[in-house]
Amino acid sequence: VGKQSMESVSNLQILNEIVEFGTQLESLKSSSSFTFRALMSSWYDRTSLLRDCFDVMEPVNAVRESLLRSVASETTQGKLFLARHLHRIARNARRNERMEIACAAMCRLRCVTSDHTIASLAKREDWIRWEFEEAKCLWDRDERRRAMAIGKRLCHVISREKKSSSLRKY
């Protein structure tokens, strides 16, 4: 009964999010960062108690990804929020030892972030999070050398940025 109840809740959540997304579709297409941020916040707030229930959240996250993809093809803000959502999927999958799902999400994330229009929108912290998550996924898949190469590159970039920012102060 417990599993069946969780599946019913999950299905209702999916239906609710599809309806909510549909009502906000026009404002999302106008590329409003605020609208995307509000939508994503409401999604994650509603499911915050379920975030550790990977089996329940996986279909919800898949629907969310599809909804974001439908807008991402038309707006750069949509691409940015799709990238952030894919990072979240990868992180949660890795934490739940679902490496196939984590690696697939990272692959989709790389495809989304390869678009040059997202480079100007994403914050430096986004890029660092995405790279670090990829290193963690590689590490968990016993691809230690590739993970360490990403880690070294991140350390080099961060230390170079610190040096240049400390030089600007004087």
Side-chain angles (χ1 to χ4, degrees), residues 17 21 24 27-48 51-52 54 57-58 60-62 64-170:
E17 289 186 4
F21 192 84
Q24 295 183 14
S27 60
L28 290 171
K29 286 183 179 179
S30 71
S31 247
S32 168
S33 176
F34 175 76
T35 307
F36 274 105
R37 204 170 292 117
L39 176 69
M40 302 292 282
S41 180
S42 71
W43 280 358
Y44 299 138
D45 287 347
R46 271 197 305 265
T47 56
S48 65
R51 74 172 165 253
D52 294 329
F54 188 79
M57 288 306 300
E58 184 181 10
V60 173
N61 283 328
R64 289 173 175 173
E65 179 182 346
S66 296
L67 294 172
L68 286 170
R69 278 190 186 283
S70 72
V71 177
S73 62
E74 298 180 30
T75 70
T76 52
Q77 284 292 330
K79 288 177 186 157
L80 175 62
F81 284 93
L82 173 60
R84 289 176 178 165
H85 182 68
L86 290 168
H87 168 256
R88 190 181 190 105
I89 290 173
R91 183 186 65 216
N92 290 340
R94 180 185 51 77
R95 287 178 177 170
N96 284 278
E97 299 177 358
R98 305 289 184 83
M99 293 313 298
E100 308 82 34
I101 296 170
C103 292
M106 287 306 301
C107 182
R108 294 190 307 274
L109 175 61
R110 279 192 302 278
C111 289
V112 170
T113 57
S114 68
D115 185 344
H116 298 294
T117 58
I118 200 171
S120 61
L121 288 176
K123 296 177 183 174
R124 181 176 70 79
E125 293 82 17
D126 287 322
W127 291 104
I128 290 171
R129 278 189 204 103
W130 299 337
E131 288 279 319
F132 194 52
E133 187 59 43
E134 183 168 12
K136 288 178 183 179
C137 286
L138 290 169
W139 188 269
D140 288 352
R141 287 182 53 199
D142 289 329
E143 295 185 43
R144 308 277 200 250
R145 285 187 178 175
R146 287 180 59 199
M148 289 180 66
I150 291 172
K152 286 179 183 178
R153 185 174 64 237
L154 283 173
C155 288
H156 179 30
V157 167
I158 292 168
S159 70
R160 188 175 60 210
E161 286 178 359
K162 277 190 166 188
K163 285 179 187 175
S164 67
S165 69
S166 66
L167 290 175
R168 279 186 251 143
K169 289 180 183 178
Y170 299 107

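Rounding to the nearest 0.5 Å gives a distance of 6.5 Å between CH2 of Trp130 and CZ of Arg84. The distance from atom OG1 of Thr113 to atom CG of Leu86, rounded to the nearest 0.5 Å, is 9.5 Å. For the atom pair CG of Leu68 and NZ of Lys79, the computed distance is 13.0 Å after rounding to the nearest 0.5 Å. Taking CG from Leu121 and OG1 from Thr76, the interatomic distance works out to 4.5 Å, rounded to the nearest 0.5 Å. Between atom CZ of residue Arg94 and atom CD of residue Glu134 there is a gap of 12.0 Å, rounded to the nearest 0.5 Å. Atom CG in Leu82 sits 9.0 Å away from atom CZ in Arg108 (nearest 0.5 Å).
Dense packing is recorded around CD of Glu125, with more than 12 heavy atoms of other residues, nucleotides or ligands lying under 6.0 Å away. Other residues, nucleotides and ligands place more than 12 heavy atoms under 6.0 Å from the CZ atom of Arg91. In Met148, the CE atom is not crowded: 12 or fewer heavy atoms of neighbouring residues, nucleotides or ligands sit closer than 6.0 Å.
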Could you walk me through whether Met106 and Lys136 pass the side chain to side chain contact (heavy atoms under 4.5 Å, CB included) check? CA-CA 11 Å; Met106 287 306 301; Lys136 288 178 183 179; over 6 Å; no
With side chain to side chain contact (heavy atoms under 4.5 Å, CB included) as the criterion, how do Glu65 and Asn61 come out once you've worked through the C-alpha distance, each side chain's angles and the decisive distance to 0.1 Å? CA-CA 6 Å; Glu65 179 182 346; Asn61 283 328; over 6 Å; no
Test log, rule salt bridge (charged side-chain N to carboxylate O under 4.0 Å, His left out), inputs Arg124 and Asp126: CA-CA 5 Å; Arg124 181 176 70 79; Asp126 287 322; over 6 Å; no
Could you walk me through whether His156 and Ile158 pass side chain to side chain contact (heavy atoms under 4.5 Å, CB included), step by step? CA-CA 6 Å; His156 179 30; Ile158 292 168; over 6 Å; no
May I have the step-by-step check of salt bridge (charged side-chain N to carboxylate O under 4.0 Å, His left out) for Glu133 and Arg129, ending in yes or no? CA-CA 6 Å; Glu133 187 59 43; Arg129 278 189 204 103; over 6 Å; no
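Looking at Ile101 and Phe54, their side chains come closer than 4.5 Å, going by heavy atoms from C-beta outward. Annotation: side chain of Trp127 is not in contact with side chain of Leu154 (no heavy-atom distance under 4.5 Å). The shortest distance between side-chain heavy atoms of Arg146 and Ile150 does not fall below 4.5 Å.
Side-chain N or O atoms of Asp115 include one that pairs as donor or acceptor with a backbone N or O of Thr117 at under 3.5 Å.
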